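These numbers come from a predicted model, not from an experiment.
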Amino acid sequence: MGAALRRRRKALGMSQDETARLSGCGRLFISEVERGKRSVRLDKLIELLRTLGLQLEIRPGRDEIRIDESI
């Protein structure tokens, strides 16, 4: 997920600092998420996703986490 978020942020032409400011999260949080930190605060992650025009979708199933790469 971190790599997908980084690609989206860069595709939008946003720096980590700008993304942090717009999402209300710290730049360190953005960096950690992009590097694949395994445990993050869900409320902050949702704000980051919203800032990048993305959403978290939860649905039934036992599959591994899937990232829609059509972004």
Short question: side chain of Arg27, backbone of Ala20 - any donor-acceptor pair under 3.5 Å? no

Check whether Leu56 and Phe29 end up in the same hydrophobic cluster, where Ile, Leu, Val, Met, Phe, Trp and Tyr are linked by side-chain heavy atoms less than 4.5 Å apart. yes

Rounded to the nearest 0.5 Å, how far does CD of Glu34 lie from CZ of Arg7? 10.5 Å

Taking salt bridge (Lys or Arg N to Asp or Glu O under 4.0 Å) as the test, write out the residues that go with Glu32, two or more places apart. Lys37

For Glu57, what residues pass the side-chain contact (heavy atoms from CB on, under 4.5 Å) criterion, not counting sequence neighbours? Gln55, Arg59

Would you list the atom pairs, donor with acceptor, under 3.5 Å between side chains in residues 39-47 and any protein atom, with sequence neighbours excluded?
| residue | atom | partner | partner atom | Å |
| --- | --- | --- | --- | --- |
| Arg41 | NE | Asp43 | OD1 | 3.0 |
| Arg41 | NH2 | Asp43 | OD1 | 3.4 |
| Arg41 | NH2 | Asp43 | OD2 | 2.6 |
| Glu47 | OE2 | Arg50 | NH1 | 2.6 |

Output the distance between atom CZ (Arg6) and atom CD (Gln16), rounded to the nearest 0.5 Å. 7.5 Å

Check for a donor-acceptor pair, side chain of Ser23 on one end and backbone N or O of Thr19 on the other, with a separation under 3.5 Å. yes

Heavy-atom distance under 4.5 Å between the side chains of Leu5 and Ile30, does that happen here? no

Just by distance, do the side chain of Arg9 and the backbone of Met14 share a donor-acceptor pair under 3.5 Å? yes

Side chain to side chain contact (heavy atoms under 4.5 Å, CB included) between Leu12 and Arg8, worked out: CA-CA 6 Å; Leu12 293 171; Arg8 176 67 171 178; 3.9 Å; yes

